[in-house]
Amino acid sequence: KLPNEKEKKSKHSTTHTAFVKLSGPMYFNGIYHEFYQYNLNGPIFGDIVWGHSVSTDLVNWIGLEPALVRDTPSDIDGCWTGSVTILPGGKPIIIYTGGDIDQHQAQNIAFPKNRSDPYLREWIKAPNNPVLRPDEPGMNSIEFRDPTTGWIGPDGLWRMAVGGELNGYSAALLYKSEDFLNWTKVDHPLYSHNGSNMWECPDFFAVLPGNNAGLDLSAAIPQGAKHALKMSVDSVDKYMIGVYDLQRDAFVPDNVVDDRRLWLRIDYGTFYASKSFFDSNKNRRIIWGWSRETDSPSDDLEKGWAGLHTIPRTIWLAGDGKQLLQWPVEEIESLRTNEISHQGIELNKGDLFEIKEVDAFQADVEIDFELASIDDADPFDPSWLLDPEKHCGEAGASVPGGIGPFGLVILASDNMDEHTEVYFRVYKSQEKYMVLMCSDLRRSVIMLFALILISLLHKRLKTKLK
Ligand SMILES: *[C@@H]1O[C@H](CO)[C@@H](O)[C@H](O)[C@H]1NC(C)=O
Ligand SMILES: *[C@@H]1O[C@H](CO)[C@@H](O)[C@H](O)[C@H]1NC(C)=O
Ligand SMILES: *[C@@H]1O[C@H](CO)[C@@H](O)[C@H](O)[C@H]1NC(C)=O
């Protein structure tokens, strides 16, 4: 049930700020740092600086003054996304994309002013910025951004990947450096693909199949490890699993899929430009994304913010080595209160069971559906995979299928004029069953909370198949 108007306002106290993409998450000396693309002047795009917040538990955050503002020729158009790398001896370093007066993009460096300041509040830009320009033949100078966290190769040199366009290919361009300041382009990209839009926010990390411990890409990579290359493209975050061939210094995907509509996705919700980091505190890899929500610019102005960061998630590789799995960080469980539990509820077609006394604005839902039979599952059409959102739209929450739709109605008003449906359908594929999760937002007023639920539910659906 939706809280009334007054409660809504109090939950969303207005501070005129705009959060957009994440920039450089890191854990350093007991503190989690989150940097992000930020406009101090309002919830619209423009005047982008590096916002900075710190936390000890990933749940409670302290907002600090911006770490980087646009005040040099090579970042006067904006301090855009980048990353943080911790150099040997405990020296964090920021590398970020700046835009100049002509909107050409280049990579810049900044260091903490005082490494003894536990919050690392002040950052100093390197005098020789920009350290990396897109000045090689075939490069597009307005599509050259979002450097990854650096990693050390077997030759002891630093590497990093930068999103870019090279001779019309979208690429994770590869660069090498001895000192993290003087970078040279490797003669081939880490990986590239023809015919797709520019890859924003590339991310590259090592994962061990079936093991949810994180790996530091600069440490010795254990036997059997695989690598993930993530790219933000076509408004979603996609990735490939493969290996990092040290001889060739290149990423080699396990399966080369030409049609990028079929590339794996980190998330099917409103989730983009994610960044991951190795959390040495709890030995895990954490990924965060930017949810742009789905509000209009005028709604953003009224509510006072635009976009938000998803709950941080631990990310690892499934035991079969084929896809990444993720789960909200365990710290989030500290927010759980007022548990309400129901068990053994039998639902038949058309039944609705109302869960009362829940704050519909912030609920963490775990649910197991057990199906009596799946004999009636409709056949799965593989072409749906090209555009699952389209299929969800066509087979809407109110269109009956063989098995499903079944699921949750959330954020519902008393008369059900407003509600959001999050539902599942079971299909029979060639030799296995497929479960499709959809959300129907046509009667939704507030979609963002639905997205949070979706990400939680996605992992918690356990259909007990015969
Ligand atoms: C650096 O930070 C530490 C801890 O906050 C402080 O004690 C010290 O005075 C600072 N040094 C300078 C040069 O500001
Ligand atoms: C930068 O590195 C390259 C390749 O290692 C080297 O040739 C060049 O002299 C270096 N430049 C500076 C200014 O150190
Ligand atoms: C991309 O490469 C594939 C083969 O690797 C080829 O079939 C396809 O036509 C190419 N597409 C473009 C747009 O060049």
Side-chain angles (χ1 to χ4, degrees), residues 23-24 70 72-85 87 93-110 125-204 217-218 227 229-233 238 240 242 244-253 256 260 273:
S23 294
R70 33 182 218 107
T72 64
S74 62
D75 63 15
I76 200 69
D77 195 40
C79 297
W80 295 320
T81 303
S83 58
V84 191
T85 303
L87 304 188
I93 189 164
I94 285 176
I95 184 155
Y96 69 101
T97 304
D100 70 13
I101 194 115
D102 299 316
Q103 298 180 345
H104 295 298
Q105 298 169 1
Q107 314 317 323
N108 298 276
I109 293 276
K125 294 176 188 176
N128 58 329
N129 279 338
V131 294
L132 193 54
R133 291 178 192 275
D135 51 9
E136 300 213 5
M139 288 183 71
N140 181 347
S141 66
I142 57 164
E143 304 278 27
F144 180 58
R145 56 186 177 271
D146 309 344
T148 62
T149 294
W151 70 93
I152 299 177
D155 53 7
L157 299 179
W158 285 102
R159 278 139 176 93
M160 71 169 171
V162 183
E165 227 179 70
L166 186 63
N167 299 316
Y169 277 59
S170 7
L173 301 164
L174 186 63
Y175 290 85
K176 263 193 199 184
S177 173
E178 206 166 317
D179 56 4
F180 222 88
L181 291 171
N182 174 22
W183 291 91
T184 326
K185 189 159 147 295
V186 177
D187 59 10
H188 59 270
L190 183 65
Y191 191 69
S192 68
H193 182 257
N194 64 3
S196 65
N197 297 325
M198 192 234 161
W199 294 349
E200 296 197 290
C201 299
D203 196 358
F204 184 56
L217 198 51
S218 285
H227 287 78
L229 177 65
K230 190 251 5 174
M231 61 287 284
S232 301
V233 63
K238 303 188 178 186
M240 299 170 189
Y244 179 33
D245 181 337
L246 293 174
Q247 240 76 52
R248 284 170 50 197
D249 208 357
F251 172 72
V252 184
V256 176
R260 71 179 192 276

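Keep in mind that the numbers below use all heavy atoms, side chains included, and drop hydrogens, waters and symmetry copies. Model, not experiment: these values are computed from the prediction.
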Sub-3.5 Å donor-acceptor pair from the side chain of [X] to the main-chain atoms of [Y], do we have one?
X    : Y    : result
S83  : P147 : yes
D100 : P73  : no
K238 : R260 : yes
K185 : P134 : no
S177 : N182 : yes

Would you name the heavy atoms of [X] and [Y] that are closest together and state the gap between them?
X    : Y    : result
N108 : A106 : ND2-O, 3.4 Å
L174 : D249 : CD2-O, 3.3 Å
L229 : L190 : CD1-CD2, 4.2 Å
I76  : I101 : CG2-N, 3.8 Å
P130 : S74  : CD-CB, 3.6 Å
I142 : Q105 : O-NE2, 3.1 Å

Open item on the list: One pair to check against side chain to side chain contact (heavy atoms under 4.5 Å, CB included): N129 and T72. What are the steps and the verdict?
Closed with: CA-CA 9 Å; N129 279 338; T72 64; 5.7 Å; no
Task: Heavy-atom check, side chain of M139 versus side chain of L173, under 4.5 Å - done: yes
Rounded to the nearest 0.5 Å, what separation is found between the [atom1] atom of [X] and the [atom2] atom of [Y]?
X    : Y    : atom1 : atom2 : value
M240 : Y191 : CE    : OH    : 4.5 Å
D102 : S141 : CG    : OG    : 9.0 Å
R145 : Q107 : CZ    : CD    : 10.0 Å
S192 : E165 : OG    : CD    : 11.5 Å
I95  : T81  : CD1   : OG1   : 13.0 Å
W199 : S170 : CH2   : OG    : 5.5 Å

- [ ] Tell me, with the steps shown, if F144 and T97 meet side chain to side chain contact (heavy atoms under 4.5 Å, CB included).
- [x] CA-CA 8 Å; F144 180 58; T97 304; over 6 Å; no
Task: Criterion side chain to side chain contact (heavy atoms under 4.5 Å, CB included) on T85 and M160, from CA distance to verdict - done: CA-CA 10 Å; T85 303; M160 71 169 171; over 6 Å; no
Do the ring planes of [X] and [Y] sit parallel (below 30°), tilted (30 to 60°) or perpendicular (above 60°)?
X    : Y    : result
W158 : F180 : perpendicular
Y244 : H227 : perpendicular
F204 : W151 : tilted

Open item on the list: Using side chain to side chain contact (heavy atoms under 4.5 Å, CB included), reason through K125 and D75 one step at a time and then give a plain yes or no.
Closed with: CA-CA 10 Å; K125 294 176 188 176; D75 63 15; 2.6 Å; yes
